[in-house]
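Heavy-atom basis, side chains included; hydrogens, waters and symmetry copies ignored.
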Amino acid sequence: MGLIPFQLSKLDKLTMKPPPAELFETLFGYTGPRRWVGFYYQCGCLFVSAGEGVQAGNWQAWLTWHWSLEPDVISRYCFGYDDHSAKDMLVLDTKSRTLYAGKMRTAAEVLRQQAPLSQVPAGAETSREYLEKLKDDFNIRLLTMAPDEYRRHRDDLKSGLEKLENWIRERDGGSSDWSTL
C-alpha cells in the first residue's frame with residue numbers, strides 16, 4: 001500500500017463530481033503535473049495552486065462553475081465570488097476526480113506538502129499584494145498578445161465555456177437556465 005503524500009483528512013470530501021479534465025483543469029487554467037490542485041476566487045480573479053505557487057486562472061469559467069455549485073456547498077464554503085474574498089479553497093484530486101474543500105490556510109498547507117521544495121513562502125498564496133501582482137501579470141499577458149493569438153484565445157475560451165455550460169446542464173438533467181445569469 002502506497003503512502004499518501006499528505007493528509008486529505010484535513011479537508012472535507014464533497015459528493016459532487018467535477019467536469020472532465022479537458023473542461024475543468026484546462027478551462028480553469030491548470031495544466032501542471034500535480035495530482036492535487038486548489039482553486040479560489042479573490043481580488044476579481046480565479047487563482048490556481050498546486051502547492052508550488054499560485055497562478056491566475058480563468059475567472060469566467062470559475063463564475064460559471066460557481067453558479068452551478070450545490071446549495072449545501074455554497075452555504076458551507078466560501079470559495080470567493082464577486083467582491084467576496086475566498087475563505088475556503090476547492091481542491092481537486094485529478095486522479096480520482098474527487099473534490100474536497102477546506103479553509104484557505106489548511107488547504108494551502110495540504111497542497112504544499114505535495115511540493116516540499118516549494119520556493120513560495122507560507123501565506124504568500126493569500127497575500128493581497130501577491131495576488132494583485134499575479135492578476136496584473138495575467139492581464140498584461142492578454143493585452144500584449146498578437147491579434148491572431150488573442151482571437152484564438154478568445155475563441156477557445158468561448159468554446160470551452162459553452163462546453164462547461166452544456167456539461168452542467170447535462171449533470172442537472174437539463175434544468176440549468178443560463179439565460180437568467
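- Tyr30 places a side-chain N or O within donor-acceptor distance of the main-chain N or O of Arg34, the cut-off being under 3.5 Å.
- For Asp72 and Ser75, the side-chain atoms include no donor-acceptor pair closer than 3.5 Å.
- Looking only at side-chain heavy atoms (C-beta outward), Leu69 and Met16 come within less than 4.5 Å of each other.
- Proximity of a side-chain donor or acceptor of Thr94 to a complementary backbone N or O of Arg35 within less than 3.5 Å is detected.
- Within 6.0 Å of NZ on Lys17 lie more than 12 heavy atoms contributed by other residues, nucleotides or ligands.
- A salt bridge between Arg76 and Asp12 is present, with a side-chain N of the basic residue lying under 4.0 Å from a carboxylate O of the acidic one.
- Taking the six-membered ring for Trp and thresholds of 30 and 60 degrees, Trp62 and His66 have ring planes inclined between 30 and 60 degrees apart.
- In this structure, the side chains of Tyr41 and Trp59 come closer than 4.5 Å at one or more pairs of heavy atoms.
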Output, in order, the C-alpha distance, side-chain angles, deciding distance and verdict of side chain to side chain contact (heavy atoms under 4.5 Å, CB included) for Leu46 and Gln60.
CA-CA 9 Å; Leu46 171 66; Gln60 295 106 323; over 6 Å; no

Leu99 vs Val91, side chain to side chain contact (heavy atoms under 4.5 Å, CB included): CA-CA, chis, key distance, verdict
CA-CA 6 Å; Leu99 291 170; Val91 176; over 6 Å; no

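- Without hydrogens or angle criteria, Asp88 side chain to Ala101 main chain gives no donor-acceptor distance under 3.5 Å.
- Panel note: side chain Gln42, backbone Ala86; a donor-acceptor pair is recorded below 3.5 Å.
- The shortest side-chain heavy-atom distance between Phe28 and Leu92 does not fall under the 4.5 Å cut-off.
- Between Phe24 and Phe39, the ring centre distance stays below 6.0 Å.
- Between Gln113 and Lys10 there is a side-chain heavy-atom pair separated by less than 4.5 Å.
- For the pair Trp65/Leu90, a side-chain contact is recorded, criterion being any heavy-atom separation below 4.5 Å from C-beta on.
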